[in-house]
Amino acid sequence: MRIIVTGGAGFIGSNFARHVLNTHPDHQVTVLDVLTYAGNLASLEDLQVNPRFRFVHGDVCDAVLVNELASQHDAIVHFAAESHVDRSLSEPGVFVRTNVEGTVVLLEAARRHGIQRYVQVSTDEVYGSLGPTGLFTEATPLAPNSPYSASKASADMMVRSYFETFHMPVMITRCSNNYGPFHFPEKLIPLFITNLLHDEPVPVYGDGLNVRDWLHVADHCQAIDLVLHAGTPGEIYNVGGNNERTNIEITQLVLAKLGKSDSLIKYVQDRPGHDRRYAIDASKIRRELGWQPRYNFDTGIDQTIDWYLSHRDWWLPLREKALDARRAAANQVVIEAQRS
Ligand code: NAD
């Protein structure tokens, strides 16, 4: 199988490209990635020497390029997205362009060139927020609350329409929060690990009681692999770890694992529209495709912390870049204040 992996220089896409090349000796992987701030060629360094791997620097919204690639491949696994909720509050237009328009460009190319398998990597955030009980099933109505989740839900609707209208072999996965190696240090777990390794505070939103269901990225990749090979066209598959934790529990766990004091916890103003609880019912993918997560949270978080400890050369430059950007933004505020 010749597979286009969009967004393969990001967190989950790079793990997935590696997973496919290691698991399927006859598969070829072409990563298509425009390398936004979240894309990082260093996450693919070990794959560059593999003759079955190719990197293409380009935009999923570039229809000419996407059509050319689609004509040479059998399958598309679509990860490329703007993925950070906080950024979607200040720049929603970018999310619509990449997450919705990019998906339509890919679907059109897939239709034109007879792509045999198409997997849309979506998120549990499209379901909105849960109360203290209950789980998201594949039949839960979509109720996205942030521009990020609204753009992902819109893309899912386009994918659905290509199945209903054109009978295309498309599948959607909706996974809970991932953690693991190659996770950009703006997201909660890698941000906290890397801050704590510098003895810097860890910012916890609101009361810290928002609940997320955490899954190791390797288990997500395995689920996507199963859907790619054995999923039924037109179907949606929820993926989750059955591992609900409040943000403050995660924070205290990481503090304890790194031997740091609770005094480094800094409560910050809650994110607007912050969903309270996500929890996934993954019984369909377990039952129909035999998926089973291999990591439990304790072993997964230990492995992740070890990875960040031994891969400073991967994350230190990203952290420096983020700090520079924050300093530049703060300077801009001062300049504007002085002007007015
Ligand atoms: P990420 O932000 O780490 O990576 C996104 C990648 O997409 C980057 O490499 C970026 O350069 C690339 N990209 C962005 N715009 C592009 C464009 N226009 N053309 C080509 N490439 C582009 O994201 P991630 O955490 O790896 O998430 C991947 C996918 O999985 C997303 O679609 C996200 O919605 C979904 N997802 C993520 C999680 C999670 O916990 N991280 C959970 C469920 C679903």
Side-chain angles (χ1 to χ4, degrees), residues 11-12 15 37-38 40 42-43 83-87 89 129 132 176-219 240-279 293 295-331 333-334:
F11 167 42
I12 309 175
N15 278 283
Y37 78 96
N40 187 354
S43 306
S83 70
H84 193 38
V85 176
D86 287 349
R87 289 177 188 256
L89 309 186
S129 188
S176 57
N177 279 41
N178 285 209
Y179 67 95
F182 297 107
H183 204 182
F184 193 79
E186 70 179 347
K187 304 283 173 76
L188 192 140
I189 288 179
L191 176 72
F192 286 13
I193 296 172
T194 54
N195 274 12
L196 291 174
L197 289 175
H198 284 83
D199 287 315
E200 285 178 8
V202 287
V204 175
Y205 277 133
D207 58 10
L209 296 179
N210 298 64
V211 175
R212 298 294 180 264
D213 173 2
W214 291 92
L215 182 73
H216 194 281
V217 65
D219 287 323
N242 205 8
N243 176 46
E244 288 182 50
R245 308 269 169 150
T246 61
N247 286 349
I248 195 67
E249 276 178 284
I250 298 280
T251 311
Q252 278 163 344
L253 183 69
V254 176
L255 279 160
K257 298 257 181 205
L258 288 171
K260 303 289 178 182
S261 152
D262 280 12
S263 63
L264 286 168
I265 298 174
K266 182 178 160 203
Y267 287 96
V268 297
Q269 189 177 11
D270 208 356
R271 167 196 283 163
H274 200 179
D275 291 334
R276 194 64 173 167
R277 176 171 168 262
Y278 303 142
Y295 283 90
N296 67 43
F297 193 64
D298 270 335
T299 54
I301 203 79
D302 282 347
Q303 183 255 21
T304 303
I305 290 174
D306 284 348
W307 189 88
Y308 278 87
L309 283 168
S310 59
H311 288 79
R312 288 172 196 261
D313 53 335
W314 182 85
W315 58 264
L316 272 173
L318 301 176
R319 186 181 152 85
E320 285 307 314
K321 227 193 269 176
L323 289 177
D324 284 349
R326 242 177 280 150
R327 275 184 221 117
N331 284 342
V333 170
V334 173

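Here the structure is a predicted model, which is why all the values come from computation and not from measurement.
Asp213 contributes atom CG, which lies 8.0 Å from atom CG of Asn177 (distance to the nearest 0.5 angstrom). Put simply, CG on Asn247 and OH on Tyr205 are 10.0 Å apart, with the number rounded to the nearest 0.5 Å. Of the inter-residue distances, the one linking Phe192 atom CZ with Thr251 atom OG1 reads 4.5 Å to the nearest 0.5 angstrom. In this structure, Glu320 CD and Trp315 CH2 are separated by 9.5 Å, a value rounded to the nearest 0.5 Å. Here the CD atom belonging to Glu249 is positioned 9.0 Å from the CG atom belonging to Leu253, to the nearest 0.5 angstrom. Asn296 contributes atom CG, which lies 11.0 Å from atom CD1 of Ile301 (distance to the nearest 0.5 angstrom).
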Exercise for the section: Apply side chain to side chain contact (heavy atoms under 4.5 Å, CB included) to Glu200 and Thr194, showing your working. Expected result: CA-CA 9 Å; Glu200 285 178 8; Thr194 54; over 6 Å; no
Practice task
Evaluate side chain to side chain contact (heavy atoms under 4.5 Å, CB included) for Phe182 paired with Val217, printing each intermediate quantity in order.
Solution key: CA-CA 10 Å; Phe182 297 107; Val217 65; over 6 Å; no
Practice task
Give the intermediate values and the outcome of side chain to side chain contact (heavy atoms under 4.5 Å, CB included) for residues Leu188 and Tyr179.
Solution key: CA-CA 9 Å; Leu188 192 140; Tyr179 67 95; over 6 Å; no
Practice task
Apply side chain to side chain contact (heavy atoms under 4.5 Å, CB included) to the pair Arg212 and Asp275, showing each step before the final yes or no.
Solution key: CA-CA 9 Å; Arg212 298 294 180 264; Asp275 291 334; 4.1 Å; yes
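For Arg277 against Ser129, the heavy-atom pair with the smallest separation is N-OG, 3.4 Å. What you find for Pro190 and Pro185 is that their closest heavy atoms are CB-CA, 3.9 Å. Residues Val268 and Pro203 approach most closely at CG1-CB, 4.0 Å, considering heavy atoms. Smallest separation of non-hydrogen atoms from Asn195 and Pro201: ND2-O, 2.9 Å. Scanning both residues, Trp314 and Ala42, for their nearest heavy atoms gives CD1-CB, 4.0 Å. Of all heavy-atom pairs between Pro317 and Arg312, the closest is CD-O, 4.0 Å.
You'll find the side chain of Val211 stays beyond 4.5 Å of the side chain of Tyr278, heavy atoms only. The shortest side-chain heavy-atom distance between Ile193 and Trp307 does not fall under the 4.5 Å cut-off. Between His311 and Tyr308, the closest side-chain pair of non-hydrogen atoms is not below 4.5 Å. In this structure, Lys257 and Asp298 have side chains that are in contact, with non-hydrogen atoms separated by less than 4.5 Å. Taking 4.5 Å as the limit, some side-chain heavy atom of Ile265 sits within range of a side-chain heavy atom of Ile248. By the 4.5 Å heavy-atom criterion applied to side chains, Trp214 and Ile189 are counted as neighbours. Using a 4.5 Å heavy-atom cutoff, the side chains of His183 and Ser43 are not in contact. Using a 4.5 Å heavy-atom threshold, the side chains of Leu255 and Leu196 count as touching.
Annotation: cation-pi pair Arg87/Tyr37 present, NZ/CZ under 6.0 Å from the ring centroid and within 45° of its normal.
Inspection of the Thr299 and Asp302 side chains reveals no N or O donor paired with an N or O acceptor under 3.5 Å. A donor atom on one side chain and an acceptor atom on the other are not found under 3.5 Å apart for Tyr295 and Asn243.
Of the possible donor and acceptor atoms, none in the side chain of Asp199 sits under 3.5 Å from a partner among the backbone N and O of Leu197.
Asp270 has no carboxylate O lying under 4.0 Å from a charged side-chain N of Arg276, or vice versa, which leaves the two without a salt bridge.
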